[in-house]
Every structure is written in structure tokens, then in C-alpha cells.
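Since the structure comes first, as C-alpha cells, the remarks are kept for the end.
Hydrogens, waters and symmetry mates are skipped; everything else that's a heavy atom, side chains included, is used. Sequence positions, counted from 1, serve as the residue numbers for this chain.
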Amino acid sequence: MGRDIVVNSWQELMEALFENDLNREIGRHRNGIVYRGLQNADFDLSTSLQRHKSVSLENHLLRNFQKYAQIENPPESDWLWLALAQHHGLPTRLLDWSYSPLIALHFATADYEQFDSDCAVWAVNFWQLQDYLPQPVREEMRRQGNSILTTDILEHVSSSVEKYYALDDKPFLSFFEPPSLDGRIINQYAIFSFMSDPEIKVDHWLRTTQTEHHKIIIPKTLLWLVRDRLDKSNITERMLFPGLDGLAQWLKRYYYDAQA
């Protein structure tokens with residue numbers, strides 16, 4: 001089910017990002033696709049834990065994050081701690097995605113210093129992934145009427161992350177909505193994925209399934225056009241990273257002289 005789509009114009013890019021988005025059951029343009037932007041089309045869907053080469057140290061990293069974090073109201077849930085750790089840059093098995101194709105496109109084109117390479121946006125149908133989840137998870141999602149996992153469902157199904165990973169002998173991929181930790185999570189329309197086996201890369205696992213997924217490749221010759229139209233549409237760090245840091249990053253790129 002996986003494929004690569006190479007686009008050669010803004011129009012082709014928009015068509016690829018929004019293809020087949022009509023949900024005929026409700027007559028609305030909504031689908032179960034989530035998106036992840038990568039600044040280099042050759043990058044795979046490896047996690048920060050895999051890139052850091054610290055998969056065997058996952059429990060130590062998270063335990064010490066919990067130990068040393070100075071928080072007035074610390075989370076009581078493993079899942080909230082995991083989301084918080086990912087949000088603040090700790091290597092984890094989580095991957096960041098967005099419901100918004102344009103926000104994913106922002107992250108693919110945010111760094112103009114990487115414009116000497118093609119970039120990419122990955123798209124995955126998380127609705128279809130439900131067929132590969134362990135039965136207790138599918139049953140709880142049906143009971144609650146949810147099409148996506150939440151921290152509440154995860155906590156109900158399993159009291160700890162380790163017990164959740166052990167619900168099935170076969171590796172499986174889960175997507176869940178993180179809690180609204182701050183404005184970044186909200187404005188980025190964020191969603192996380194994680195593999196039950198932290199050694200397995202998401203794109204490698206997807207190839208073993210019938211899940212709809214594809215990679216949209218944007219040639220480097222289009223990147224300034226794409227970037228400027230995103231900025232003009234207010235898809236910028238100023239909105240996605242509320243605060244002075246995001247404002248500074250947006251202004252740094254906005255006033256960069258690409259012709260110099």
C-alpha cells in the first residue's frame with residue numbers, strides 16, 4: 001500500500017496532500033490521514049530514541065526524567081509522563097505527527113539552510129491501523145466510540161506502558177492524541193505514534209501491512225515557493241510555537257535574503 005508521490009508544482013502538492021479526503025458516509029471532506037514532515041526526503045521514520053542509539057536505555061531515560069523534573073503538579077500517568085518527555089525533547093519511542101497536512105509541510109520546510117535537499121511529507125491512514133491493534137484496545141475504542149486512542153483509553157486498557165506493549169506478541173503501531181500540555185500541542189494539531197517494539201522503525205512496519213500510506217516528495221526547486229506561501233497563510237513558528245522563540249525563528253527566516 002505504500003508509494004512515493006513526486007510533485008512538480010504547488011497545485012500538484014495540494015492535490016497530493018488532500019487526495020481522496022471525501023468521506024462519503026458523512027458527505028464531508030474528512031479522512032483518517034495524519035501527516036509528518038521531514039526536511040530531507042531520504043530520512044526514514046526513525047524515532048529520537050533510535051537516532052540517539054539509546055533504545056536499551058529507554059526506561060532509564062524516562063525514569064530519570066520523572067525523578068529530576070521539577071513540576072508543581074506532576075503527572076500521575078505513565079502516558080502523560082511519556083508525552084511530556086517527548087514534548088520537551090527527551091529521546092522516546094514517540095513520533096510527532098499532525099492532523100494538518102499544511103502543518104506537516106511547515107516542519108518539512110522550516111529550515112531554509114536545508115533547502116539543498118528534497119523534502120517530504122509522510123501520510124498514514126490511522127483509521128486502518130485499528131485492525132492491527134490488540135483486541136482489548138479495539139474493544140475499548142469501540143466501547144467509548146473513539147476512532148483514535150487517548151490517554152484515558154490507554155490508561156483504562158493498561159496500567160503501565162510496559163503492560164500495554166505486551167498486549168500482543170506481534171509488533172503493532174498505535175496513534176494517540178496527547179493531552180493539551182500547552183499552546184504548541186494545540187496549535188500544531190498534534191498526534192503521537194509509537195511502536196510496541198522500540199527497535200522497529202515505523203516505515204519498515206508499515207510495509208508489512210495493508211495500511212494506506214505514502215510519501216510526498218517535494219523537490220528542492222519548489223521549497224522557497226512552498227515556504228513563502230505557507231508564511232503568507234500564517235503557517236509559521238509564530239503560530240505553532242507561541243512565544244518569543246517562535247516569533248524570532250519566523251522573523252529570522254522571513255527576512256533572509258534567498259538571493260544573496
Side-chain angles (χ1 to χ4, degrees), residues 32 34 36 45-52 54-69 71 73-99 124-182 185-186 188-206 208-211 213:
V34 291
R36 176 173 172 81
L45 296 178
S46 57
T47 65
S48 57
L49 194 67
Q50 291 165 340
R51 295 193 300 273
H52 192 254
S54 53
V55 172
S56 63
L57 301 176
E58 180 182 28
N59 291 335
H60 299 287
L61 283 164
L62 190 57
R63 184 177 66 250
N64 281 285
F65 183 81
Q66 294 172 323
K67 177 180 177 180
Y68 294 113
I71 304 174
N73 298 301
E76 297 180 358
S77 158
D78 277 4
W79 300 105
L80 294 176
W81 271 114
L82 188 60
L84 186 66
Q86 171 75 6
H87 188 56
H88 287 281
L90 188 77
T92 75
R93 70 173 71 194
L94 300 184
L95 278 181
D96 296 281
W97 300 73
S98 176
Y99 287 111
V124 175
N125 190 321
F126 70 86
W127 285 350
Q128 295 177 1
L129 285 171
Q130 293 180 24
D131 295 338
Y132 298 91
L133 291 173
Q135 184 175 351
V137 183
R138 298 198 307 269
E139 290 176 353
E140 183 61 21
M141 291 177 71
R142 282 195 293 268
R143 190 184 73 79
Q144 295 199 24
N146 277 34
S147 61
I148 189 67
L149 288 168
T150 64
T151 52
D152 288 342
I153 292 176
L154 290 167
E155 290 168 14
H156 186 89
V157 170
S158 178
S159 59
S160 72
V161 294
E162 291 300 326
K163 290 181 179 178
Y164 181 84
Y165 302 150
L167 285 174
D168 199 323
D169 293 334
K170 300 186 298 295
F172 60 94
L173 176 66
S174 304
F175 279 87
F176 80 99
E177 289 184 348
S180 299
L181 299 171
D182 59 22
I185 290 286
I186 297 168
Q188 292 173 20
Y189 212 177
I191 183 170
F192 290 150
S193 73
F194 62 91
M195 287 295 308
S196 59
D197 183 338
E199 298 277 3
I200 298 177
K201 295 181 179 180
V202 169
D203 48 317
H204 294 180
W205 182 85
L206 285 170
T208 70
T209 74
Q210 295 300 308
T211 305
H213 65 281

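A donor-acceptor distance shorter than 3.5 angstrom exists from the side chain of H213 to the backbone of T211, with no hydrogens or angles considered. Judged purely by atom type and a 3.5 angstrom limit, N64 has no side-chain atom pairing as donor or acceptor with the backbone of K67. Side-chain atoms of T47 come within 3.5 Å of backbone N or O of Q50 as a donor-acceptor pair. In terms of modelled atom types and a separation under 3.5 Å, the side chain of S48 and the main chain of T92 share a donor-acceptor contact. Judged by distance alone, the side chain of R36 and the main-chain N or O of L95 form no donor-acceptor pair under 3.5 Å. S180 places no side-chain N or O within donor-acceptor distance of the main-chain N or O of D182, the cut-off being under 3.5 Å.
What you find for S193 and V202 is that their closest heavy atoms are OG-CG2, 4.4 Å. The shortest non-hydrogen separation linking S159 to D78 is O-OD2, 4.5 Å. Shortest non-hydrogen contact noted between S158 and S160 is OG-O, 2.8 Å. Shown here for P91 and L49, the closest heavy-atom pair between the two residues is O-CD1, 3.7 Å.
A cation-pi arrangement is found for R93 relative to Y165, the charged atom lying closer than 6.0 Å to the ring centre and inside a 45° cone about the ring normal.
In this structure, the separation between CH2 on W205 and CD1 on I200 is 9.5 Å, given to the nearest 0.5 Å. Rounding to the nearest 0.5 Å places NE2 of H204 at 8.5 Å from OG of S46.
For F194 and W79, the ring centers are positioned less than 6.0 Å apart.
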CA sep, side-chain torsions, deciding dist, call: F65, L84, side chain to side chain contact (heavy atoms under 4.5 Å, CB included) | CA-CA 10 Å; F65 183 81; L84 186 66; 4.3 Å; yes
Stepwise side chain to side chain contact (heavy atoms under 4.5 Å, CB included) test for W97 and V124 | CA-CA 10 Å; W97 300 73; V124 175; 3.6 Å; yes
Evaluate the criterion side chain to side chain contact (heavy atoms under 4.5 Å, CB included) for residue pair Q86 and L82; output intermediate values, then yes/no.
-> CA-CA 6 Å; Q86 171 75 6; L82 188 60; 6.0 Å; no
Please lay out, stage by stage, how R143 and H156 fare under the test side chain to side chain contact (heavy atoms under 4.5 Å, CB included).
-> CA-CA 12 Å; R143 190 184 73 79; H156 186 89; 4.1 Å; yes
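At least one side-chain heavy atom of V137 sits less than 4.5 Å from a side-chain heavy atom of M141. Contact of the Y68 side chain with the R63 side chain is not registered, since no non-hydrogen atoms from C-beta on lie closer than 4.5 Å. Taking 4.5 Å as the limit, some side-chain heavy atom of W81 sits within range of a side-chain heavy atom of I71.
No more than 12 heavy-atom neighbours from other residues, nucleotides or ligands sit within 6.0 angstrom of OH on Y189.
Checked by atom type, the side-chain pair S98/Q188 shows no donor-acceptor distance below 3.5 Å.
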Tabulate below the donor-acceptor pairs under 3.5 Å that side-chain atoms of residues 169-179 make, not counting sequence neighbours, or state none.
{"residue": "S174", "atom": "OG", "partner": "Y164", "partner atom": "OH", "Å": "2.9"}
{"residue": "E177", "atom": "OE2", "partner": "Y99", "partner atom": "OH", "Å": "2.6"}

All N/O donor-acceptor pairs, side-chain side in residues 144-151, below 3.5 Å, sequence neighbours left out:
{"residue": "Q144", "atom": "NE2", "partner": "E140", "partner atom": "OE2", "Å": "2.7"}
{"residue": "T150", "atom": "OG1", "partner": "D152", "partner atom": "N", "Å": "3.4"}
{"residue": "T150", "atom": "OG1", "partner": "I153", "partner atom": "N", "Å": "3.2"}

